[in-house]
Amino acid sequence: MDTLAQPADTQTETIIDIQHLSKFFGEREVLKDINFSVNKGEVVSIIGSSGSGKSTLLRCINLLEKPSGGKIIFEGTNILEDMKDVNQHRTKMGMVFQSFNLFNNLDVLGNCIVGQMKVLKRSKEEATVKALKYLKLVGMDQFIHAKPKQLSGGQKQRVAIARALSMDPDVMLFDEPTSALDPEMVGDVLDVMKNLADSGLTMIIVTHEMDFARDVSDRVVFMDQGVIAEEGPPEQIFNNPKQERTKAFLRRTLK
Amino acid sequence: MNFEVIADIFINNWDAFLRGAGVTLLIAIVGTIIGSIIGLIIGVIRTIPTPDSRVKRIFLRIVNWILSFYIEVFRGTPMMVQAMVIFYGLDLAFGIDIDNMTAAYLIVSVNTGAYMAEIVRGGILSIDKGQFEAAHAIGMNHFQTMMNVILPQTIRNILPATGNEFVINIKDTSVLNVISVSELFFASNTIAGANFMFFETFFITSIIYLILTFTVTRILRLLERKLDGPDNFNLVGNQMQVDIPKFKE
Ligand SMILES: Nc1ncnc2c1ncn2[C@@H]1O[C@H](COP(=O)(O)OP(=O)(O)OP(=O)(O)O)[C@@H](O)[C@H]1O
Ligand SMILES: [Mg+2]
């Protein structure tokens, strides 16, 4: 695992710093004055009820949604200022979607090398070696010739993770990676993510899997109606929430 | 119906029939291929997301407006009229004197392009949004996304509609007789004009059209199946068998 990412520095180094971020859809303000930062090697989970803006926040970070205001400072640059380099920034942020979104015209290996070759201009050989390394990591190296439609949901998601890792991102964004999966497949994907977290990769995970969030996160962010209502270490959020709405949400979710 | 007469006509004129059929097929093939390329290019342009910069946005809007104009005009007028206007108009307006075959290729391509543009756009929009997002998320731009992810799927999806255009083109080249292109209909007219046996001659003509369209339909069906690839895949047993392609430069 040691080659996956640089080991987390002993002194903390901010990789993403979000300041006063806002997002409007038409008249509706879905994100309101979000301030939040992530350190290198940190694993942050975002929880909150449906419609609270978790996906929108994640999608703003890699500019799949264009924020309406504020700053997103990624590795020292405000990425909202030089929109020309959008694609450059995106290669450094891996994204895993709820609905997998594999490229249906390509097989498993093709999915993992196309971005490396076309965007990072790696040779096919180099890209293949890298792809195989990550496919092996997620346990999908036997399936390199399979097309997405021939895979189960859990297998697709593991390929999607390998595809994102193959770009050597500095941070991985996960948007409810297990929500579309049959229960028996959830474990496989969570195991892969747990390994990644242990390897020191910086991760931001939107999830409804509370046990998982408690288990892997360095920090948990609770969102409610477009604002960050509370954040802190998992023990605090899950065992000792300070805010009334955090308590209410956890009562509803954990039963 | 006198089959001997029909057979006689064919035996005496088979070369003229075949030449006509050849010209028809050639125009239909060239027109469908160039028309499809026009349609793909327009489809890619018309699905470019709205740019952030104002100048680019205005430029894109003008381009889109011109493309819509082209599509409306060529879908909204009969090809026979387009043939007359283009063939005689180019000469009159610009003094460009093109020969009949060049005019035929041009008219059928441009006409097919207008139909294919809409078909391609529908094909692109039918690909789920998630694949666009995944491509953008790994840093691909619009053009890379189109070339590597979207168009390969679009082309497969619109193949039946393209085949349909091809069949229509085989039949519709007959209107090009108005600018004296010696395709199958024009050739048949010449033959019938000499022997005055219109029914018998055009009976042969219709059989030839049917053979052309039927064959084309079958070939396209085969192509579709080939593009779909095998239903199964092989598990790669162990690392030694992983066929890391041999990279010869
Ligand atoms: N493209 C859009 N246009 C308009 N409104 C949107 C759009 N995308 C999201 N919204 C709205 O923004 C709000 C936040 O949505 P978001 O998807 O971020 O929530 P979420 O926290 O991810 O919810 P879930 O847990 O259901 O995924 C919702 O009210 C949603 O209806
Ligand atoms: Mg969501």
Side-chain angles (χ1 to χ4, degrees), chain A residues 59 62-64 66 83-112 114-120 123-126 128-129 131-132 135-136 141-151 160 163-164 166-167 169 173, chain B residues 49-57 123-124 126-159 224 226-249:
Chain A
R59 293 163 57 82
N62 75 351
L63 301 174
L64 283 179
K66 195 171 179 297
M83 292 295 278
K84 279 196 303 296
D85 293 331
V86 170
N87 293 318
Q88 195 56 41
H89 299 309
R90 282 176 176 159
T91 61
K92 297 191 191 141
M93 309 191 219
M95 176 97 170
V96 175
F97 301 86
Q98 182 173 345
S99 49
F100 330 126
N101 298 346
L102 293 183
F103 305 138
N104 288 330
N105 57 314
L106 299 173
D107 63 10
V108 165
L109 186 62
N111 265 276
C112 296
V114 65
Q116 296 188 67
M117 288 167 60
K118 302 296 170 182
V119 181
L120 302 178
S123 70
K124 186 168 186 187
E125 182 177 26
E126 194 189 348
T128 306
V129 169
L132 287 175
L135 285 168
K136 203 168 163 60
D141 53 325
Q142 289 195 311
F143 293 83
I144 52 175
H145 299 309
K147 284 289 186 73
K149 65 173 181 211
Q150 296 163 326
L151 301 176
R163 173 177 68 182
S166 298
M167 303 293 287
L173 313 173
Chain B
T50 321
D52 283 320
S53 119
R54 221 177 102 84
V55 180
K56 279 190 201 160
R57 207 159 47 222
I124 291 174
S126 74
I127 309 280
D128 69 297
K129 206 165 135 262
Q131 291 189 59
F132 286 85
E133 292 196 334
H136 292 151
I138 57 174
M140 288 192 191
N141 58 33
H142 181 70
F143 185 71
Q144 289 169 329
T145 305
M146 284 294 159
M147 295 304 286
N148 298 294
V149 178
I150 306 301
L151 289 187
Q153 296 177 62
T154 305
I155 289 170
R156 167 61 191 90
N157 291 346
I158 67 171
L159 206 59
E224 273 173 44
K226 188 138 184 5
L227 278 183
D228 284 342
D231 283 339
N232 305 309
F233 65 93
N234 292 317
L235 279 184
V236 179
N238 58 50
Q239 274 305 322
M240 301 314 291
Q241 285 171 14
V242 172
D243 69 4
I244 302 172
K246 299 280 171 288
F247 303 96
K248 290 177 230 121
E249 290 307 309

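Convention: sequence-line order gives letters A, B, ...; per-chain numbering from 1. Both backbone and side-chain heavy atoms feed into the values below; hydrogens, waters and symmetry mates do not.
Side-chain contact between A:Lys118 and B:Ile138: absent, with no pair of heavy atoms (C-beta onward) separated by less than 4.5 Å.
Of all the listed residues (A:Leu63, A:Asn104, A:Leu64, A:Asp107), the one sharing the greatest number of non-hydrogen pairs under 4.5 Å with chain B is A:Asn104. When the candidates A:Leu173, A:Asn101, A:Val114, A:Asn62 are compared by the number of heavy-atom contacts under 4.5 Å with chain B, A:Asn101 comes out ahead.
At a 4.5 Å heavy-atom cutoff, the contact between A:Leu102 and chain B is made by backbone atoms alone. With a 4.5 angstrom heavy-atom cutoff, B:Gln144 touches chain A only via side-chain atoms. Both the backbone and the side chain of B:Asn148 come within contact range of chain A, judged by heavy atoms closer than 4.5 Å.
Looking at every heavy atom in both residues, A:Ser166 comes nearest to A:Ala131 through OG-CA, 3.7 Å.
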Check your understanding: Can you list the steps and then say if A:Val108 with A:Leu151 is a side chain to side chain contact (heavy atoms under 4.5 Å, CB included)?
Key -> CA-CA 9 Å; A:Val108 165; A:Leu151 301 176; 3.7 Å; yes
Review point. Can you check side chain to side chain contact (heavy atoms under 4.5 Å, CB included) on B:Arg156 and B:Glu224, steps first, answer last?
Key: CA-CA 7 Å; B:Arg156 167 61 191 90; B:Glu224 273 173 44; 3.9 Å; yes
Exercise for review: Apply the test side chain to side chain contact (heavy atoms under 4.5 Å, CB included) to residues B:Phe132 and B:Met146: give CA-CA distance (whole Å), side-chain angles for both, the deciding distance (0.1 Å), then the verdict.
Suggested key: CA-CA 9 Å; B:Phe132 286 85; B:Met146 284 294 159; 3.7 Å; yes
Practice item. Take B:Leu151 and B:Ile124 through the side chain to side chain contact (heavy atoms under 4.5 Å, CB included) test and state the conclusion after the steps. Key: CA-CA 7 Å; B:Leu151 289 187; B:Ile124 291 174; 4.1 Å; yes
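Between the side chain of A:Asn111 and the backbone N or O of A:Phe103 there is at least one donor-acceptor pair closer than 3.5 Å. With hydrogens and angles disregarded, no donor-acceptor distance shorter than 3.5 Å links the side chain of B:Glu133 to the backbone of B:Lys129.
Chain B is approached within less than 4.5 Å, heavy atom to heavy atom, by A:Asn87, A:Arg90, A:Thr91, A:Met93 from residues 86-93 of chain A, ordered by number.
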